[in-house]
Number of protein chains: 2
Amino acid sequence: MKKTAPTASDSLLKLDNFLCFAIYSTANAVTRAYQPRLSALGLTYPQYLVMVVLWEEENQTVSAIGDRLNLDSGTLTPLLKRLEAMDLITRRRGTVDERQVLINLTDSGRSLRAKAEAVPLAIGKAFGCTLEDAKSLRTELLDMRDNLIASIETRDQPA
Amino acid sequence: MKKTAPTASDSLLKLDNFLCFAIYSTANAVTRAYQPRLSALGLTYPQYLVMVVLWEEENQTVSAIGDRLNLDSGTLTPLLKRLEAMDLITRRRGTVDERQVLINLTDSGRSLRAKAEAVPLAIGKAFGCTLEDAKSLRTELLDMRDNLIASIETRDQPA
DNA sequence: ACGCTTTAAATTGCACACAATTTAATTGTA
DNA sequence: TACAATTAAATTGTGTGCAATTTAAAGCGT
């Protein structure tokens with residue numbers, strides 16, 4: 001029984017060689033790792049990110065939050081409605097530009113911040129890398145992300 | 001108007017400092033970047049990963065695929081049913097152990113591989129990093145993922 | 001002022017992820 | 001051999017992500 005020699009195409013479709021899969025499965029693991037601590041605050045991981053953005057700056061439009069998190073209104077609108085239903089944020093139409101919806105924190109939303117500050121500290125260790133490693137990894141990932149986004153935007157330009 | 005000095009807690013909840021967000025938003029960008037090329041094959045990104053696993057080895061159980069991709073039956077069962085409906089795979093109960101469901105490729109599924117081989121080549125450039133960078137980044141991410149998974153499993157052990 | 005284009009959110013529809021539960025088959029153990 | 005515990009998938013329910021479309025408001029060009 002003769003075995004076929006490894007071909008070039010073998011290495012092309014090996015899961016273990018995929019950087020994309022490393023990113024994908026690490027992202028899933030991240031949200032799973034955050035979940036127990038965030039559910040103690042009543043938040044999902046994407047909801048937590050939105051709250052972080054709002055704790056940095058209030059009175060932001062849906063688009064501004066979307067630019068920060070790379071998410072569109074199709075994702076954010078229902079998510080923000082849930083945060084509003086939890087009484088963490090308010091949503092009101094802009095007065096100068098009525099197309100915009102301005103998002104603000106409620107008192108509950110503002111006070112949740114104190115509890116949220118414990119989360120990154122608690123999770124930090126689980127990553128199992130030094131702060132310097134984390135920092136350089138973060139930079140490399142964000143560069144790559146921006147490259148990927150640029151490649152998407154270039155691709156579908158009209159000729 | 002006096003501004004408050006930056007406190008330690010400021011840096012704790014800064015989105016720009018979050019490694020988790022770098023991973024999260026890069027993962028989203030990855031699936032967006034793959035989407036146009038994969039939809040030409042009729043696949044989503046997770047479906048593509050399942051096919052890659054099956055191109056490496058046929059006749060795998062749902063759990064075996066799940067172990068490889070870190071996904072559970074709640075995600076895989078409906079995904080595999082879709083691949084079956086597309087006539088790319090077959091699902092049949094195991095004969096030795098009837099709890100298992102064995103996944104195999106159809107001829108269409110097997111022949112799709114040739115087209116799929118072009119995908120990583122085409123996307124590769126969009127990452128905008130060297131092969132060596134990609135390799136070390138991949139290793140670091142997988143290590144971190146395994147650390148995260150280990151931390152989850154340790155946490156909810158019974159005392 | 002009139003339309004035309006652009007823009008901001010919302011909506012619709014589909015496909016993940018995952019916690020929690022259920023169903024059914026297998027294993028372990030008295 | 002009974003029978004409790006475990007295991008493999010499936011199911012249920014919730015919450016994303018995102019493409020595509022819709023709705024309504026703003027800009028803008030004559």
Side-chain angles (χ1 to χ4, degrees), chain A residues 24-40 42-50 60-67 69-86 91-103 148-149 152 155-156, chain B residues 24-36 38-40 42-50 60-67 69-86 91-103 148-149 152 155-156 158:
Chain A
Y24 164 84
S25 65
T26 306
N28 287 343
V30 165
T31 61
R32 282 201 300 274
Y34 273 80
Q35 192 274 332
R37 294 185 192 278
L38 289 179
S39 73
L43 296 175
T44 64
Y45 181 72
Q47 289 168 3
Y48 165 70
L49 291 180
V50 168
Q60 296 199 61
T61 64
V62 174
S63 306
I65 298 171
D67 287 345
L69 299 176
N70 288 298
L71 295 172
D72 66 10
S73 67
T75 300
L76 285 176
T77 297
L79 188 157
L80 292 167
K81 284 183 178 173
R82 277 175 216 118
L83 292 179
E84 185 183 37
M86 292 184 241
R91 298 162 64 242
R92 64 181 172 74
R93 284 279 162 189
T95 46
V96 285
D97 187 338
E98 289 195 12
R99 291 171 305 180
Q100 299 183 335
V101 168
L102 289 164
I103 309 299
L148 287 168
I149 291 172
I152 296 167
R155 183 164 42 211
D156 48 34
Chain B
Y24 164 84
S25 64
T26 306
N28 287 343
V30 165
T31 60
R32 282 202 300 274
Y34 272 80
Q35 191 273 334
L38 289 179
S39 74
L43 295 175
T44 64
Y45 181 72
Q47 288 168 4
Y48 165 70
L49 292 180
V50 168
Q60 296 199 61
T61 63
V62 174
S63 306
I65 298 170
D67 287 345
L69 299 176
N70 287 298
L71 295 172
D72 67 9
S73 67
T75 301
L76 285 175
T77 297
L79 188 158
L80 291 167
K81 283 182 178 175
R82 276 174 218 118
L83 292 178
E84 185 184 36
M86 291 184 241
R91 299 162 64 241
R92 63 180 172 75
R93 282 280 161 187
T95 47
V96 285
D97 187 337
E98 290 193 10
R99 290 171 305 181
Q100 299 182 334
V101 168
L102 289 164
I103 309 299
L148 288 168
I149 292 172
I152 297 167
R155 184 164 41 212
D156 47 36

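Letters A, B, ... mirror the listed sequences (proteins, then strands); counts begin at 1.
- Rounded to a whole Å, the CG atom of B/Leu83 is 12 Å from the C1' atom of C/dA15.
- Regarding contacts with the backbone of D/dC18, a side-chain N or O of B/Arg32 is found under 4.0 angstrom from either OP1 or OP2.
- Projected onto DNA chain C by closest heavy-atom contact, A/Thr77 and A/Thr31 fall at different nucleotides, the more 5' of which corresponds to A/Thr77.
- In this structure, B/Thr95 and A/Pro78 both approach DNA chain C, and ranking their closest nucleotides by distance from the 5' end singles out A/Pro78.
- Distances shorter than 4.0 Å separate none of the side-chain N or O atoms of B/Lys81 from OP1 or OP2 on C/dC16.
- In this structure, B/Tyr45 does not reach the D/dG17 phosphate: none of its side-chain N or O atoms is under 4.0 Å from OP1 or OP2.
- Taking 4.0 angstrom as the limit, B/Arg99 places none of its side-chain polar atoms (N or O) nearer than this to OP1 or OP2 of C/dT27.
- Proximity of B/Arg93 to the phosphate of D/dA8: no side-chain N or O atom is located under 4.0 Å from OP1 or OP2.
- Following rounding to the nearest Å, A/Leu80 (CG) and D/dG17 (C1') show an atom-to-atom distance of 14 Å.
- Closest to the A/Asp97 side chain, of the nucleotides D/dA10, D/dA25, C/dA17, is D/dA25.
- Here D/dT16 is the nucleotide among D/dA19, D/dT16, C/dA10 with the atom lying nearest to any side-chain atom of A/Gln47.
- Applying the 3.5 Å distance criterion, the base of D/dA8 shares no donor-acceptor pair with the side chain of B/Ser73.
- Of all nucleotides listed (D/dC18, C/dC16, D/dA10), C/dC16 comes nearest to the side chain of B/Thr44.
- Whole-Å rounding puts the A/Asp72 CG to D/dT21 C1' distance at 13 Å.
- A straight line from CG of A/Leu76 to C1' of D/dG17 spans 10 Å, rounded to a whole angstrom.
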